[in-house]
Peer 1: 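Dropping the structure in here first, questions after.
These numbers come from the heavy atoms of this one structure, side chains and all, not from hydrogens, waters or symmetry mates.
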Amino acid sequence: MQFNEKIISLRKSMGLSQEELGTELHVSRQTISKWESAQSYPDFQRLVLLSDYFGLTLDELVRDVDVADVRAKNVNNEKLDSIYSDINSAKKTIKWLYNCYLVVGGGIVALLLFFAFSAAFVW
């Protein structure tokens, strides 16, 4: 039995929905769904929580898991996390630059208006 099949079987044998199991493990329903569809695998901390929750040893829980497949999926997840992190950093930088331009632009406009009014009232 593959890991994803074990999770489905264990969850259903306890009468739990994906949402309920996710709540117990502090992950989303979508995360449980990904584990059950073999799109991703839990990290070590979640494996320990799963084994404790279902009363299994780690060996019983992960026996027959294809390690190469887990590594490949984890690398893909790390790449996605890195991309999201880079995007968020870029957004923060762009927002900071935009705010700087607003401040500098506002200062220039204020100076121009000051000089324009000063010149108009001096005459």
Peer 1: Test side chain to side chain contact (heavy atoms under 4.5 Å, CB included) on Leu25 and Trp35 and set out the steps.
Peer 2: CA-CA 13 Å; Leu25 300 174; Trp35 295 347; 3.9 Å; yes

Peer 1: Going by side-chain hydrogen bond (donor to acceptor under 3.5 Å, both in side chains), name the residues that satisfy it together with Asp59, two or more places apart in sequence or in a different chain.
Peer 2: Arg63

Peer 1: Could you give all pairs that pass the salt bridge (charged side-chain N to carboxylate O under 4.0 Å, His left out) test and reach residues 17-31, with sequence neighbours left out?
Peer 2: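 As it turns out, there is no salt bridge (charged side-chain N to carboxylate O under 4.0 Å, His left out) pair with a partner in residues 17-31 once direct neighbours are skipped.
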
Peer 1: Which pairs with one or both residues in residues 35-46 pass salt bridge (charged side-chain N to carboxylate O under 4.0 Å, His left out), sequence neighbours excluded?
Peer 2: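 Sorted result for residues 35-46: Arg11-Glu36.
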
Peer 1: How many angstroms lie between atom OG of Ser37 and atom CD of Gln30, to the nearest 0.5 angstrom?
Peer 2: 11.5 Å

Peer 1: Would a distance-only check, ignoring hydrogens and angles, find a side-chain to backbone donor-acceptor pair under 3.5 Å from Ser13 to Leu10?
Peer 2: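 Yes; at least one donor-acceptor contact below 3.5 Å.
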
Peer 1: Under the salt bridge (charged side-chain N to carboxylate O under 4.0 Å, His left out) definition, can you give me all pairs with a residue in residues 98-118, not counting sequence neighbours?
Peer 2: none

Peer 1: NZ/Lys34 to CD1/Ile7 distance, rounded to the nearest 0.5 angstrom?
Peer 2: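 Here the rounded value is 16.0 Å.
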
Peer 1: For a quick test of your reading: what N or O donor-acceptor pairs under 3.5 Å do the side chains of residues 47-58 make, sequence neighbours left out?
Peer 2:
{"from": "Ser51", "atom 1": "OG", "to": "Leu47", "atom 2": "O", "distance (Å)": "3.4"}
{"from": "Ser51", "atom 1": "OG", "to": "Val48", "atom 2": "O", "distance (Å)": "2.9"}
{"from": "Thr57", "atom 1": "OG1", "to": "Glu60", "atom 2": "N", "distance (Å)": "3.0"}
{"from": "Thr57", "atom 1": "OG1", "to": "Glu60", "atom 2": "OE1", "distance (Å)": "3.4"}

Peer 1: For residues 91-109, dump all side-chain donor-acceptor pairs below 3.5 Å to protein atoms at least two apart in sequence or in another chain.
Peer 2:
{"from": "Thr93", "atom 1": "OG1", "to": "Ser89", "atom 2": "O", "distance (Å)": "3.0"}
{"from": "Asn99", "atom 1": "ND2", "to": "Lys95", "atom 2": "O", "distance (Å)": "3.3"}

Peer 1: For the atom pair OG (Ser40) and CG (Asn4), what is the distance rounded to the nearest 0.5 Å?
Peer 2: 10.5 Å

Peer 1: Do the side chains of Ile8 and Leu21 join up, straight or via other hydrophobic residues, at under 4.5 Å, putting them in one cluster?
Peer 2: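 No, separate clusters.
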
